[in-house]
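So that the names make sense, note that chain A is the first sequence line, chain B the second, and so on, each numbered from 1.
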Amino acid sequence: MGLDHDLDFDEVDTPPLEVADDSERLTIDIDGWEGPLDLLLTLARTQKVDLRQISILQLVEQYLSFIENARALKLELAADYLVMAAWLAYLKSALLLPKDPTIDPSPEELALRLQLRLERLNAMRESGARLMARDRIGRDIFLRGLPEGLRVVRTTAWDVNYFELISAYGQIQARNAPVMHVVKRRAVMTLEEALERVSAMLGQILNWTQLEAFLPIGAEPALRRSALASSFLAMLELAKQGRVELQQETSFAPLMVKARQGAGA
Amino acid sequence: MIEHDPSVRAVEATLFASDSPMTMEQIRAYVGEDVDVADALSKLEQQYQGRGIELVKRGKTWHFQTAADLAHLLRREREESRKLSRAAVETLAIIAYHEPVSRAEIEAIRGVQISKGTLDVLMEAGWVRPAGRREVPGRPLVYATTVEFLTHFGLATRRDLPGIADLKAAGLLDPVDLALEGLQGLSAVESGDLPEGGDVELEIGDESA
Amino acid sequence: MIEHDPSVRAVEATLFASDSPMTMEQIRAYVGEDVDVADALSKLEQQYQGRGIELVKRGKTWHFQTAADLAHLLRREREESRKLSRAAVETLAIIAYHEPVSRAEIEAIRGVQISKGTLDVLMEAGWVRPAGRREVPGRPLVYATTVEFLTHFGLATRRDLPGIADLKAAGLLDPVDLALEGLQGLSAVESGDLPEGGDVELEIGDESA
């Protein structure tokens, strides 16, 4: 981490410090830096080319002395610079004091973190500069200014086969053919049919029998519904004629039918 | 690698990058006073002779352009297959069976109006052509099929088109919904129940008058 | 006058006429199947070596451009005056080298808030675009670079970013926490009691985002 404490400060030639040392000036421009990290990086770069070798302690002292100078000259120094200064002052004292294993995180780790951040910011700053220094299209390098352009002319191949052609004609003909409407017979059982059917069946039925037993077996639902209604009416008619007896225990209970003794036979 | 004349290179790059033809003065403003622009241009002109691009002088301005004999490369044709619309297929079929036939007649047979685009598509495809006018009031244009039409559908003559009786036998006179079912289930022919009356003749009136 | 190879001429004309870089397949679609495009391109590359214009391959696409050493002649003064601010350059670099990256992550690296204008300038230039959201609490928007960015800086892919491989190898593209863990993992055996999971962050500036 390069926390060597005895590097000679005076060897370090820093433009920012020159500004700071220039007591003739009434203001120190901290707007030249984009925040405390930027200032720290500038200070760090004056130490060594390789940020991995910088002395954090030395860096901290440079920052604090810079801020101290700047504060004396410019009272409204931005708050984040002062926050950083306070934090670095703490870091400095922690680094100088005998090691206390109970302090978590250790000052060494804090220092390492600061160093890592500076390395990362520096890497991006250098990458940005390298990016900008590239030969850029539209600035250094030019594409053809007046390209004729390439064109794709689309032609359509219509897709239709012989079968589609003649079947289309067939369908026109079919459309134009006169249409005969046939109304389909609905499956119904008329009252007359029901009367006939029920009368015929009554002879074989001696006990009370449910009305549904008189319906045709295996009929379609539509026919069955019609037969039920017709057969019911037929039963009522037969009851009126005195040929059958009807019985129902409650509403909607099965309707029971029985031939009247000696009536129809 | 050949060592190229710096003046020629400078003029070459300047003309290449410019978005409009340039006069010698305009070129000079870029390449500097100590370049002999006229000399560089004449060298360039020579160097590009016979290449895919050429240096061209028009009036007082210079520019690069694609060699004239390669212009055809810059226009690429791409054929796209597209399904002919139902209206177009029906219209084509009617023209084929009834030609020469007027637009009004086509509409009378189809039972619906046809849009202008439908006939245009068929003519663009090269299958249909205008075939004179009918000498009735209004002198409507009549349409007929072309040789390309016959070629496309593999027909020797229009007489090869199946007659109404053939269509009926093939189940092609089924009403549309049945025919569609038939295409799906291939059962239209067996299903029997075809409506009678396939022998109804088309009444084509002249409705254009 | 030299007789030029028709294949070379055709490829040359096509690339000159195109208003964007082309792949070999795209070129082939114009010049036809019977042209050996690869061979023509390598001949062209040779023929243009040292000229004011050069044939350049970037990734899979080819295009002509002015020679880099002529930049001083052609540089557009007006473009230069709209120089990017340092904040914008750094932000662009961070997005390019770390993408996709959120605003908070950019700010963590730079140690300051980025003003709204900075990202706007980069997006307006067409170099940066929003690239979805990160699925973490707050779902922050993340940013990435565009194809125009690569083109403008003459890069075929992001792998061509200057020094990106070295930065990656040195761990300089990893977040501080990750790098710290790595360093501690190496040295923990000797020093014994380094705290794990260093969640203490430097409070620098206002990282409210």
Straight-line distance of [X] [atom1] to [Y] [atom2], nearest 0.5 Å:
X        : Y        : atom1 : atom2 : result
C/Ile94  : A/Arg120 : CD1   : CZ    : 12.0 Å
C/Leu180 : A/Glu109 : CG    : CD    : 4.5 Å
A/Arg144 : C/Thr66  : CZ    : OG1   : 13.5 Å
C/Leu84  : A/Met132 : CG    : CE    : 5.0 Å
C/Thr151 : A/Arg136 : OG1   : CZ    : 13.5 Å
C/Gln65  : A/Asp135 : CD    : CG    : 8.5 Å

Please indicate whether [X] has more than 12 foreign heavy atoms, meaning atoms of other residues, nucleotides or ligands, lying under 6.0 Å from its [atom1].
X        : atom1 : value
C/Arg28  : CZ    : yes
A/Tyr162 : OH    : yes
C/Glu25  : CD    : yes

Determine, stepwise, if the pair A/Arg134 / C/Leu155 fulfils side-chain contact (heavy atoms from CB on, under 4.5 Å).
CA-CA 10 Å; A/Arg134 287 183 69 84; C/Leu155 304 164; 3.5 Å; yes
Heavy-atom contact with chain A under 4.5 Å, split by part of [X]:
X        : result
C/Pro21  : neither
C/His63  : side chain
C/Phe64  : backbone
C/Leu161 : side chain
C/Thr91  : neither
C/Ala87  : both

Heavy-atom pairs under 4.5 Å with chain A, option from [options] with the top count:
options                             : value
C/Gly163, C/Ala29, C/Ser20, C/Ala88 : C/Gly163
C/Ala96, C/Ala170, C/Ala67, C/Ala93 : C/Ala93
C/Leu70, C/Ile109, C/Ile53          : C/Ile109

Heavy atoms only: give me the nearest [X]-[Y] pair and the separation to one decimal.
X        : Y        : answer
C/Ala17  : A/Pro147 : O-CB, 3.3 Å
A/Gly149 : C/Asp19  : CA-OD2, 4.3 Å
A/Gly35  : C/Val112 : CA-CG1, 3.5 Å
C/Leu167 : A/Ala123 : CD2-CB, 3.8 Å

A/Arg117 side chain vs C/Ala108 backbone, donor-acceptor pair below 3.5 Å:
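Flag set: sc A/Arg117 to bb C/Ala108 pair under 3.5 Å.
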Taking side chain as C-beta onward, heavy atoms only, is C/His98 less than 4.5 Å from A/Met124?
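Side-chain contact under 4.5 Å: yes.
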Validation row: A/Leu150, C/Thr14 side chains within 4.5 angstrom (heavy atoms):
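They are in side-chain contact.
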In terms of heavy-atom pairs under 4.5 Å with chain C, which of A/Leu146, A/Leu143, A/Asp38, A/Leu131 leads?
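The answer is A/Leu131.
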What pairs with C/Asp69 under side chain to side chain donor-acceptor pair (under 3.5 Å), at least two apart in sequence or on another chain?
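Partners of C/Asp69 by the side chain to side chain donor-acceptor pair (under 3.5 Å) criterion, ordered by chain and then number, come out as B/Arg9.
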Check the pair C/Glu90 / A/Glu34 against side-chain contact (heavy atoms from CB on, under 4.5 Å), numbers first and verdict last.
CA-CA 11 Å; C/Glu90 273 181 34; A/Glu34 290 208 29; 5.9 Å; no
Enumerate the residue pairs fulfilling salt bridge (charged side-chain N to carboxylate O under 4.0 Å, His left out) with a member in residues 31-50 of chain C, sequence neighbours excluded, ordered by first and then second residue.
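Salt bridge (charged side-chain N to carboxylate O under 4.0 Å, His left out) check on residues 31-50 of chain C returns C/Asp5-C/Lys43, C/Asp39-C/Lys43.
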